[in-house]
Amino acid sequence: GTDVRPYASTTQNSVVVTGLTLEAGATYYFAVKATNNAGLTSAAGISDGIRVDPAFQPDITVVPWAPQGSGEFSGLALLAPAAMSVVLKAVDAKGALILGAGIRNPVTINLSAGQQVARLVSELFGIQVFDGWIQAEASGAGLGIYSATGGWDLTRLDGNVARKLSSDFLLFHVGATAILVNPSTRDANVTITTMGAAASQSLVIPAGNRSTLALSGTARIRSSEALAAIEQSLLSREFEANAALPVSDAQAVLVFPHA
């Protein structure tokens, strides 16, 4: 075969390669060598082949908030309805991959049909301090993701199911903080309309960025790009996380069996 790119030296656990011109249908391999402090170099380790398919589009789900630190933890549970591979990326608020010594990012998890995997953020990525968002790119449709965040003393704990991206949704809780993630490669022009208010608020979320805003009331969020969103409240002894509800989920008829 022909080398597409020569070896690149790094002291990190991963290297990001850009600017490649790859042939559709061709299979490519990555090679890795390790060199110790004495200058001794190992034999090359060769990856499984990766075939280029320009038509492939991963099924993307975003967890907007998954903090990890000395006072709190976050974890993810993944459930696959069919066999698939899932690439997880830990991203900071400005859209950059989290990198550093001992960090594994991105992480690939292979799931069989019906398999569930649950891990802390620190276990998945080797990250001890994190305040960003996580993007999951699944090779098939239907991946379920549940995220949970709480205090290490377990006095505070809540979680929610990660919903699909939406460009028109509702947030309900007064005083909560809305966390909005724009995973698109384009800027998102966002309009926030508070129910009962005379005026709307506008903001721009740059491509690949996360923004937050305080909710003064129930709000409808409309965006030029599909967003991931949750609302979170941190009280003295409580933590609440609530997923945004797409307007398309609204029902004309509701039944309250125990009204």
Side-chain angles (χ1 to χ4, degrees), residues 60-76 89-96 98 120-122 127 129-136 145-184 187-247 249:
I60 294 176
T61 305
V62 170
V63 177
W65 190 65
Q68 182 82 28
S70 59
E72 58 194 356
F73 67 87
S74 292
L76 302 179
K89 299 177 180 178
V91 185
D92 68 18
K94 299 299 183 182
I98 305 296
L120 293 176
V121 167
S122 56
I127 299 173
V129 178
F130 178 62
D131 185 22
W133 48 281
I134 295 173
Q135 180 163 307
I145 302 179
Y146 181 84
S147 66
T149 296
W152 285 111
D153 60 3
L154 300 183
T155 59
R156 298 178 294 117
L157 179 66
D158 201 3
N160 61 84
V161 175
R163 291 178 173 265
K164 293 302 180 183
L165 305 179
S166 175
S167 58
D168 190 359
F169 53 87
L170 295 168
L171 297 170
F172 292 95
H173 294 80
V174 178
T177 297
I179 301 175
L180 311 176
V181 173
N182 174 23
S184 173
D187 292 351
N189 297 300
V190 181
T191 301
I192 303 101
T193 304
T194 301
M195 302 302 181
S200 297
Q201 175 185 354
S202 297
L203 63 88
V204 176
I205 305 177
N209 275 228
R210 186 179 75 175
S211 293
T212 61
L213 61 96
L215 296 176
S216 58
T218 299
R220 182 174 183 176
I221 315 291
R222 283 173 278 198
S223 172
S224 61
E225 301 294 326
L227 306 176
I230 65 167
E231 48 182 338
Q232 58 97 351
S233 301
L234 292 173
L235 305 177
S236 59
R237 298 292 294 176
E238 296 182 33
F239 163 72
E240 293 183 2
N242 300 285
L245 295 180
V247 170
D249 286 356

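In this chain, numbering begins with 1 at the start of the sequence shown. It should be emphasised that the depicted structure is a prediction, and the values quoted were computed from it without experimental measurement.
- Nearest heavy-atom pair, Leu215 versus Ala219, reported as atom, atom and distance to 0.1 Å: CD2-CB, 4.2 Å.
- Here the closest heavy-atom approach between residue Thr191 and residue Ser202 is recorded as OG1-OG, 4.2 Å.
- Listed for the Ser224 side chain is a donor-acceptor partner under 3.5 Å among the backbone atoms of Asn189.
- The two atoms that bring Pro206 and Asn182 nearest to each other are O-ND2, 3.3 Å, heavy atoms only.
- Sorted by first and then second residue, the salt bridge (Lys or Arg N to Asp or Glu O under 4.0 Å) pairs involving residues 213-222 (not counting sequence neighbours) are Asp168-Arg220.
- Atom CD in Gln201 sits 8.5 Å away from atom CD1 in Ile221 (nearest 0.5 Å).
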Before giving the answer on side-chain contact (heavy atoms from CB on, under 4.5 Å), spell out for Asn160 and Trp65 the whole-Å C-alpha distance, their side-chain angles and the decisive distance to 0.1 Å. CA-CA 11 Å; Asn160 61 84; Trp65 190 65; over 6 Å; no

Trace of the side-chain contact (heavy atoms from CB on, under 4.5 Å) decision for Glu225 with Leu165: CA-CA 9 Å; Glu225 301 294 326; Leu165 305 179; over 6 Å; no

Begin with the C-alpha distance, continue with both residues' side-chain angles, and end with the deciding distance and a verdict on side-chain contact (heavy atoms from CB on, under 4.5 Å) for Tyr146 and Val161. CA-CA 4 Å; Tyr146 181 84; Val161 175; 3.9 Å; yes

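- Once rounded to the nearest 0.5 Å, the distance linking CD1 of Ile179 with CD1 of Ile230 reads 4.5 Å.
- No donor-acceptor pair closer than 3.5 Å links the side chain of Trp133 to the backbone N or O of Gly95.
- In terms of modelled atom types and a separation under 3.5 Å, the side chain of Asp187 and the main chain of Ala207 share a donor-acceptor contact.
- Contact of the Asp249 side chain with the Arg163 side chain is registered, since non-hydrogen atoms from C-beta on lie closer than 4.5 Å.
- Contact detail for Pro183 and Ala226: the closest heavy-atom pair is CD-O, 3.8 Å.
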Show, in sequence, the C-alpha distance, side-chain angles and deciding distance for Ile145 and Ile134, and conclude whether the side-chain contact (heavy atoms from CB on, under 4.5 Å) test is met. CA-CA 11 Å; Ile145 302 179; Ile134 295 173; over 6 Å; no

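- Here the CH2-OG distance, from Trp152 to Ser70, works out to 10.0 Å after rounding to the nearest 0.5 Å.
- Here the shortest heavy-atom pairing between Leu171 and Ala178 reads CD1-CB, 3.5 Å.
- Residue Lys94 comes nearest to Asn209 through the heavy atom pair O-ND2, 3.2 Å, listed as atom of the first residue, atom of the second, then distance.
- One N or O on the side chain of Glu231 and one on the backbone of His173 form a donor-acceptor pair closer than 3.5 Å.
- With no hydrogens or angles considered, a side-chain donor-acceptor pair links Ser74 and Thr149 at under 3.5 Å.
- Between the OG1 atom in Thr212 and the CD atom in Gln232 there is a gap of 9.0 Å [rounded to 0.5 Å].
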